[in-house]
Each structure stands twice: as C-alpha cells, then as structure tokens.
Amino acid sequence: MLSLEEIKEINEGTMMEALGIEYLELREGFVYARMFVKKELSQPYGMLHGGASMAMAESIGGVGSAYYLGIKDYIIRGMQFSANHVKAAKVGTYVYATATIIHKGRQTHVWNIDIKNEDDELVSSCRLTNFILKVEK
C-alpha cells in the first residue's frame, strides 16, 4: 500500500500538484485531502471553478483505488463522473474532500466524494466510477 509521501512523489509534475492537493489521511476505502482555492482555480467571480472541484474529486478517488490495489499492479481509469455543486468556495480559503468507497468490485470501484468549505458546508457532492485494469507483466 502507498504512503502519503509516495503519493506526493507520484503526483509531482502532474495536475494534482498544479491543483495543490494535499493528502491528509489515506486508508483502505477512505481518502481525506485539502486544496487551497487560489486565483488560478477560480472562475471570474472569485469562486472555486466547478472544474477544479471535479478534478480534485476525481484525483482523490483515483488515489483511493491506487492505494487499495497497488499502483504498480493496476492501472486506474476514471470511467464515469458526476457532480453537483451546491455552494461556492471563495478564493483564499481551503476546501476539504472526503472520498469513501461505496463499491469495491474486481473491475470497478465506485467512490462518493464530498467537498466542503472551511465552515464544514457542502460545496460539491461527486460520484466517481473507476475502471480497474491489471498491468500485464
């Protein structure tokens, strides 16, 4: 299983690093992370862009599957994603995402990811289905 330090190293030079996602807790079936809402992640009204929320959610759901399966033995592909954005998060604040696995099959994982603001209010609620491919050796 991957450590938080290994996840950080794997994400160097990727979108996850550009977003500034910080992994705070990682265990089987659960990922907790935060992201600072910087101007580059906002829409013109100074609020977190929905696409940045979606990228965060898909990223941590993928990390959750990779943590469980092992990144060297499996390839994780986002297969389906949906999101409901219900509240804004302002530039200059943090958002916190909690990913919980709700289906752990041989070929698919389904994750529920909720993103909340610093006041613990729901910003986005997301659902991610990952397709699991075994690495051919």
Exercise. Decide side chain to side chain contact (heavy atoms under 4.5 Å, CB included) for Y23 and I21; before the verdict, give the C-alpha distance in whole Å, the side-chain angles of both, and the deciding distance to 0.1 Å.
Key: CA-CA 6 Å; Y23 295 91; I21 297 171; 3.7 Å; yes

Quiz item: Above 12 or not: heavy atoms from other molecules or residues under 6.0 Å from NZ of K87?
Solution: no

Quiz item: Would you say K104 has more than 12 foreign heavy atoms packed within less than 6.0 Å of its NZ?
Solution: yes

Practice problem: Given side chain to side chain contact (heavy atoms under 4.5 Å, CB included), test V31 with L26 step by step and report yes or no. | Solution: CA-CA 5 Å; V31 182; L26 183 59; 3.5 Å; yes

Exercise. Take L41 and M56, measure what side chain to side chain contact (heavy atoms under 4.5 Å, CB included) needs, and give me the verdict at the end.
Key: CA-CA 11 Å; L41 300 180; M56 179 190 198; over 6 Å; no

Self-check item: In one Ile/Leu/Val/Met/Phe/Trp/Tyr side-chain cluster, 4.5 Å: I113, M15
Solution: yes

Quiz item: Linking I/L/V/M/F/W/Y whenever their side-chain heavy atoms sit closer than 4.5 Å, directly or via other members, would V123 and Y96 fall into one cluster?
Solution: no

Exercise. State yes or no: do L4 and I101 share one hydrophobic cluster built from I, L, V, M, F, W and Y residues joined by side-chain heavy-atom distances below 4.5 Å, directly or via other members?
Key: yes

Quiz item: Can you name the closest pair of heavy atoms from R27 and Y67 and give their distance?
Solution: C-CE2, 3.4 Å

Exercise. Give, for atom CE of M35 and atom OG1 of T93, the distance between the pair rounded to the nearest 0.5 Å.
Key: 9.5 Å

Exercise. Would you mind reporting whether I102 and R127 have side-chain heavy atoms less than 4.5 Å apart?
Key: yes

Self-check item: Contacts of type salt bridge (charged side-chain N to carboxylate O under 4.0 Å, His left out), residue E22, not counting sequence neighbours
Solution: R34

Exercise. Taking all heavy atoms of V91 and all of S42, pick out the closest pair and write down the distance.
Key: CG2-CB, 3.5 Å

Practice problem: Please round to the nearest 0.5 Å and tell me the distance separating atom OG1 of T98 and atom CD1 of I60. | Solution: 7.0 Å

Exercise. Search all heavy atoms of F81 against all heavy atoms of C126 and return the closest pair with its distance.
Key: CZ-CB, 3.7 Å

Quiz item: Would you say S65 and Y74 make side-chain contact, with heavy atoms under 4.5 Å?
Solution: no

Quiz item: Any donor-acceptor pair under 3.5 Å linking the side chain of D114 with the backbone of L122?
Solution: no

Practice problem: Please answer whether the main-chain N or O of D119 pairs with a side-chain N or O of N117 as donor and acceptor at a distance below 3.5 Å. | Solution: yes

Quiz item: Short question: side chain of E58, backbone of M54 - any donor-acceptor pair under 3.5 Å?
Solution: no

Self-check item: Distance-minimising heavy-atom pair for G61 and L128
Solution: CA-CD2, 3.7 Å

Quiz item: What residues, two or more places apart in sequence or in another chain, satisfy salt bridge (charged side-chain N to carboxylate O under 4.0 Å, His left out) together with E12?
Solution: none

Practice problem: Can you see which heavy atom on G50 is nearest to which on H85, and at what distance? | Solution: O-CE1, 3.5 Å

Quiz prompt | Verify same cluster id: V95, W111 (apolar side-chain graph, 4.5 Å) | solution = yes

Practice problem: Would you indicate whether the side-chain heavy atoms of L69 and H109 approach each other to under 4.5 Å? | Solution: yes

Quiz item: Any side-chain heavy-atom pair from V135 and D73 closer than 4.5 angstrom?
Solution: no

Quiz item: So do the side chains of K90 and M47 get within less than 4.5 Å of each other, counting heavy atoms only?
Solution: yes

Exercise. Verify, without hydrogens or angle tests, whether T108 (side chain) and G105 (backbone) share a donor-acceptor contact under 3.5 angstrom.
Key: no

Quiz item: Which heavy atom of I115 sits nearest a heavy atom of S53, and at what distance?
Solution: CD1-O, 3.4 Å

Quiz item: From R77 CZ over to T129 OG1, what is the distance, rounded to the nearest 0.5 angstrom?
Solution: 15.5 Å

Quiz item: Any chain of hydrophobic side-chain contacts (each under 4.5 Å) joining M79 to L133?
Solution: yes

Quiz item: Which class fits the ring pair F30 and Y32: parallel under 30°, tilted 30 to 60°, perpendicular over 60°?
Solution: parallel

Exercise. Check the pair M16, V63 against side chain to side chain contact (heavy atoms under 4.5 Å, CB included), reporting the backbone distance first and the verdict last.
Key: CA-CA 10 Å; M16 286 68 76; V63 162; 5.8 Å; no

